[in-house]
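Accompanying notes for the structure given below.
Both backbone and side-chain heavy atoms feed into the values below; hydrogens, waters and symmetry mates do not.
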Amino acid sequence: FGAHRPDVLVTDWMMPGLNGPQLCRAIRGAERDRYTYIVLLTSLAAQDEILAGMEAGADDYVVKPLDPFALQARLLVAKRVTSLHLELADYREKLSEKAQTDPLTKLLNRLKLTDDLESLHDRSERYDRPYSLGLCDIDFFKSYNDTYGHQAGDRALQQVAAALASVGRRSDGLYRYGGEEFLWVLPETGAAEAAMAVDRFCTAVTELQIVHCGSGGGVLTVSAGISTYLPGSGISTELLLRQADLALYGAKAAGRNRVVAASR
């Protein structure tokens with residue numbers, strides 16, 4: 001069953017070792033992303049035995065001796081039921097994807113970040129590898145919205161998101177963290193490499209040359225803060241995010257359009 005994952009399973013009740021109801025319970029306990037329709041074959045005509053099989057997870061039953069017509073009728077029902085389950089699984093997958101994606105920028109959102117960051121944190125500890133976070137914020141974005149309007153602000157967010165996504169590694173994670181904030185998750189990246197990578201990200205935004213009269217250089221820029229996790233340090237993901245946020249605050253306090261690493 002594990003190797004073939006059939007849509008429909010026809011199983012006998014009495015078998016050596018694992019019997020039919022035990023098999024049903026094992027299959028129901030192992031199912032995750034799809035549903036298997038189970039037809040139980042039994043020579044036991046007693047109603048309580050049939051109900052026991054259904055309670056164990058069987059969807060239908062056929063009493064032996066086997067009638068090919070009766071089995072074919074059950075298989076037609078099984079086809080309809082499994083088709084509905086496949087449609088539901090596809091719908092759930094699309095809903096899950098939508099729930100984890102920012103609708104404006106099409107980047108991953110904070111809901112997805114929580115899961116991904118915890119998984120990365122565990123892998124970092126297990127394999128003794130560092131990782132870094134880069135928190136980027138668009139400089140003077142409120143001024144940009146006030147000057148050019150919120151529609152222009154939305155377009156700018158989309159352009160910045162696309163620019164950031166174009167320069168990262170495939171293994172990196174990019175998330176819309178807040179209104180005009182973006183978070184880079186950089187697996188297996190120490191502090192020095194993270195500083196170079198995030199500086200490259202910031203440069204990509206400057207090179208968009210989005211006009212912003214309220215910015216010192218006349219174009220839209222970003223500031224960024226970096227924090228790095230070292231295995232064994234005992235720092236939580238929440239504290240690491242806080243360190244990146246404080247470093248970002250430091251970048252803004254130092255004049256914006258720059259990258260600052262968190263102090264250790």
So, using salt bridge (Lys or Arg N to Asp or Glu O under 4.0 Å) as the criterion, who are the partners of [X] when residues are at least two apart?
{"X": "Arg256", "result": "none"}
{"X": "Arg110", "result": "none"}
{"X": "Arg129", "result": "Glu188"}
{"X": "Glu207", "result": "none"}

Can you see whether [X] engages [Y] through a side-chain donor-acceptor pair at a distance of less than 3.5 angstrom?
{"X": "Asp139", "Y": "Ser223", "value": "yes"}
{"X": "Tyr35", "Y": "Asp59", "value": "yes"}
{"X": "Asp122", "Y": "Ser119", "value": "no"}
{"X": "Tyr229", "Y": "Glu125", "value": "yes"}

Short side-chain to backbone donor-acceptor contact, [X] and [Y], under 3.5 Å:
{"X": "Asp245", "Y": "Leu248", "result": "no"}
{"X": "Thr36", "Y": "Pro6", "result": "yes"}
{"X": "Arg28", "Y": "Gly57", "result": "yes"}
{"X": "Ser227", "Y": "Leu240", "result": "yes"}
{"X": "Glu181", "Y": "Leu135", "result": "no"}
{"X": "Asp12", "Y": "Met15", "result": "no"}
{"X": "Arg123", "Y": "Arg126", "result": "no"}

Do you know which two heavy atoms are closest between [X] and [Y], and how far apart they sit?
{"X": "Leu230", "Y": "Pro130", "answer": "CD2-CB, 4.0 Å"}
{"X": "Ala251", "Y": "Ala224", "answer": "CB-O, 3.6 Å"}
{"X": "Gly20", "Y": "Thr11", "answer": "CA-OG1, 4.5 Å"}
{"X": "Gly214", "Y": "Ser143", "answer": "CA-OG, 4.2 Å"}

Is [Y] reachable from [X] through a run of hydrophobic residues whose side-chain heavy atoms are each under 4.5 Å from the next?
{"X": "Leu18", "Y": "Leu40", "result": "no"}
{"X": "Ile38", "Y": "Leu51", "result": "no"}
{"X": "Leu23", "Y": "Trp13", "result": "no"}
{"X": "Leu183", "Y": "Leu111", "result": "no"}

Separation between [atom1] of [X] and [atom2] of [Y], rounded to the nearest 0.5 Å:
{"X": "Asp115", "Y": "Gln100", "atom1": "CG", "atom2": "CD", "value": "6.5 Å"}
{"X": "Thr189", "Y": "Asp172", "atom1": "OG1", "atom2": "CG", "value": "6.0 Å"}
{"X": "Asp102", "Y": "Leu108", "atom1": "CG", "atom2": "CG", "value": "9.5 Å"}
{"X": "Glu55", "Y": "Ile50", "atom1": "CD", "atom2": "CD1", "value": "12.0 Å"}
{"X": "His121", "Y": "Ser124", "atom1": "NE2", "atom2": "OG", "value": "7.0 Å"}
{"X": "Leu86", "Y": "Asp7", "atom1": "CG", "atom2": "CG", "value": "6.0 Å"}

Given a cutoff of under 4.5 Å between side-chain heavy atoms of I, L, V, M, F, W and Y, with clusters grown through shared members, what are the other residues clustered with [X]?
{"X": "Val39", "result": "Val8, Val10, Tyr37, Leu41, Val62, Leu66, Leu71, Leu75, Val77, Val81"}
{"X": "Leu157", "result": "Leu104, Leu107, Ile138, Phe141, Tyr144, Tyr148, Val160, Leu164, Val167, Leu174, Phe182, Trp184, Leu186, Val198, Phe201, Val205, Leu208, Ile210, Val211, Leu220, Val222, Ile226, Val259"}
{"X": "Val219", "result": "none"}

Just to verify, which of Asn109, Thr114, Asp116 counts as forming a side chain to side chain donor-acceptor pair (under 3.5 Å) with Lys112?
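Answer to the side chain to side chain donor-acceptor pair (under 3.5 Å) test with Lys112 among Asn109, Thr114, Asp116: Asp116.
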When you compare the side chain of Phe140 with that of Thr147, does any pair of heavy atoms fall below 4.5 Å?
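No, every pair of side-chain atoms sits at 4.5 Å or beyond.
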Given side chains that start at C-beta, do those of Thr42 and Lys64 come closer than 4.5 Å, heavy atoms only?
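A side-chain contact is absent here, since even the closest heavy-atom pair is not under 4.5 Å.
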Output every pair passing ring pair (Phe, Tyr, Trp, His ring centres under 6.0 Å) with a member in residues 50-77, not counting sequence neighbours, ordered by first then second residue.
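Applying ring pair (Phe, Tyr, Trp, His ring centres under 6.0 Å) to every pair that reaches into residues 50-77, excluding sequence neighbours, yields nothing.
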Return the set of residues passing ring pair (Phe, Tyr, Trp, His ring centres under 6.0 Å) with Tyr177 (not counting sequence neighbours), or none when no residue passes.
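If we apply the ring pair (Phe, Tyr, Trp, His ring centres under 6.0 Å) test to Tyr177, skipping adjacent residues, there are no hits.
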Those residues that, when tested against His212, pass side chain to side chain donor-acceptor pair (under 3.5 Å) (two or more places apart):
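For His212 there are no side chain to side chain donor-acceptor pair (under 3.5 Å) partners, ignoring immediate neighbours.
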Might you work through the side-chain contact (heavy atoms from CB on, under 4.5 Å) test for Thr228 and Tyr131, ending with a clear yes or no?
CA-CA 6 Å; Thr228 299; Tyr131 70 90; over 6 Å; no
Counterpart residues, side-chain contact (heavy atoms from CB on, under 4.5 Å), relative to Ala30 (two or more places apart)
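With sequence neighbours excluded, Ala30 shows a side-chain contact (heavy atoms from CB on, under 4.5 Å) to no residue whatsoever.
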The criterion is side-chain contact (heavy atoms from CB on, under 4.5 Å); which residues satisfy it with Ala56, sequence neighbours excluded?
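Partners of Ala56 under the side-chain contact (heavy atoms from CB on, under 4.5 Å) test: Pro21, Cys24, Arg25.
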